[in-house]
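The basis for the numbers below is simple: all heavy atoms, side chains too, and nothing from hydrogens, waters or symmetry mates. Since we're looking at a predicted model, the values are computed, not measured.
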Amino acid sequence: MGGVTRTSSVVILGGGPGGYEAALVAAHLGASVTVVDRDGIGGAAVLTDCVPSKTLIATADYLGGIGTAAELGVHLEDPEGDVATETVAELGAINQRVLDLAAAQSADISARLAEVGVRVLPGTGRLTSPSTVEVTTGTGTETVEADVVLLSTGASPRVLAAAQPDGERILTWQQIYALPDMPERLIVVGSGVTGAELAQAYLGLGADVTLVSSRDLVLPGEDQDAAAVIEDVFRRRGMTVLNRSRMASAQRRGDGVVVTLEDGREVEGSHVLIAVGAVPNTRDIGLEEVGVELSDSGHVVTDRVSRTSVRGIYAAGDCTGVFALASVAAMQGRTAMAHALGDAVAPLRLSAVSANVFTDPEIATVGLTAADAADNPDVEAVTMPLSRNPRAKMLGITEGFVKLFAYRGTGTVLGGVVVAPRASELIFPVAIAVHNRLSVDQVASTFTVYPSLTGTLAEAARRLHPRRED
């Protein structure tokens with residue numbers, strides 16, 4: 001391993017999940033650690049992406065819960081005894097809470113870094129050699145020497161020349177939390193994870209939403225059975241979904257916007273949210289000059305222990321293009337420091353990464369995909385609808401399913417998909433099974449609470465019990 005026997009100096013560019021988790025590990029292992037950060041500790045994940053968007057989505061879910069309560073026989077009533085039939089979302093107050101929560105999370109992480117002796121240097125870092133970082137701060141420049149450098153610079157929203165964000169009507173997902181009022185007619189361009197999540201969030205908060213999707217189905221990167229459930233939910237709740245529609249441009253028109261599609265159609269709205277991917281923050285920080293290999297897309301090329309092509313330089317997070325997930329960034333950062341500083345290390349196992357789409361219902365996945373399973377005759381799958389689950393009936397859950405994949409013969413669990421409220425919590429037992437190569441029999445023989453949604457996971461495992469050949 002690439003161990004360093006003396007007290008090591010570690011410089012980390014970027015204070016997002018990959019950076020701050022790496023800093024904590026490096027400090028624990030006795031290194032002297034400097035985090036160079038220009039945007040705020042926590043990075044986009046905490047300040048402008050994961051934490052804010054999931055807080056917004058949770059608020060929309062809360063409003064949706066009020067609607068579900070009416071179906072269960074519970075309703076709001078005013079003091080005069082009249083039934084209240086309308087709930088209203090005040091976007092200004094919601095966004096203020098979102099930003100306050102993000103700032104509090106950032107402060108908590110900063111406090112933890114300070115507790116373990118990590119130096120945070122506000123500014124922009126640039127590599128001038130494999131072991132030297134020049135930091136531009138508000139008062140000048142400072143050169144920091146390093147035995148180990150970790151690149152954790154993240155990514156930024158992709159901006160199109162024909163749809164330039166202005167922060168008022170044409171927005172990226174990092175700009176939406178400055179909106180003082182609810183968009184009357186929101187157009188969301190892009191039906192990937194970010195576009196789908198935010199489109200449903202604003203729909204749930206009361207906006208009129210049109211989703212422009214270039215594919216046959218929303219969420220093209222997800223399990224297609226799951227994506228079909230989500231698109232059906234979108235439409236039934238009043239969202240306009242334009243499939244096989246690609247944006248040509250987005251422009252201001254009067255007090256609103258117009259999105260022109262490649263086939264000439266125009267979609268008018270009050271605001272447009274552009275969610276068409278992200279680009280890595282790898283330009284102008286000295287990577288090419290010191291020989292760090294980049295992919296054609298500009299991502300840093302790494303191996304399974306987060307090493308780059310240059311000795312002593314590691315990378316983690318969205319700048320690597322591995323998986324755009326905060327959990328993966330954090331694991332990459334921790335792995336990098338363990339390897340660099342001589343601690344025990346296990347290479348990154350992408351086959352055991354669990355992920356979640358925070359729509360309503362959520363889509364959680366881990367391991368093998370349905371597309372992979374379809375091409376492998378040795379893989380067996382079972383799908384069970386949640387509508388038959390007694391706890392689901394109690395909670396008013398009518399959509400969703402559990403899908404498990406396992407090897408024929410051995411019954412080893414290879415992956416799974418859960419479509420349900422809080423699927424992000426339900427996927428954990430499947431992730432444990434995949435990570436530890438458990439069999440469906442081991443999962444099925446584990447007690448579950450009755451009634452519980454996890455009961456359907458166990459039932460799916462029972463149905464995959466290996467059959468003896470006649």
Under 4.5 Å between any side-chain heavy atoms of [X] and [Y], yes or no?
X      : Y      : result
Ile397 : Leu453 : yes
Asp216 : Arg244 : yes
Arg158 : Leu160 : yes
Asp223 : Phe401 : yes
Val51  : Thr55  : yes
Asn281 : Cys319 : no
Val413 : Val434 : yes
Met337 : Val33  : no

>> Once rounded to the nearest 0.5 Å, what's the spacing between atom CD1 of Ile57 and atom CG of Leu198?
In response: 6.0 Å
> Measuring from Arg97:CZ to Leu56:CG, what's the distance to the nearest 0.5 Å?
Replying inline: 10.0 Å
Test item: [X] side-chain N/O and [Y] main-chain N/O as donor-acceptor pair under 3.5 Å:
X      : Y      : result
Gln200 : Asp360 : yes
Lys403 : Val418 : no
Ser354 : Ala364 : no

Quick one: closest heavy-atom pair of [X] and [Y], and the distance?
X      : Y      : result
Ala22  : Gly333 : CB-O, 3.4 Å
Ser191 : Ser213 : OG-OG, 2.7 Å
Leu261 : Val212 : CD2-CG1, 3.9 Å

Can a salt bridge be assigned to the pair [X] and [Y] using a cut-off of 4.0 Å between side-chain N and carboxylate O?
X      : Y      : result
Glu21  : Arg334 : yes
Glu231 : Arg215 : no
Arg126 : Glu289 : yes
Arg253 : Glu268 : yes

> How would you list, by chain and number, every residue that makes a salt bridge (Lys or Arg N to Asp or Glu O under 4.0 Å) with Asp37, sequence neighbours excluded?
Replying inline: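 Asp37 satisfies salt bridge (Lys or Arg N to Asp or Glu O under 4.0 Å) with no other residue.
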> Is there a donor in the side chain of Thr141 and an acceptor in the side chain of Glu134, or the other way round, less than 3.5 Å apart?
Replying inline: no
> For Gln332 and Thr320, does a side-chain donor sit closer than 3.5 Å to a side-chain acceptor?
Replying inline: yes
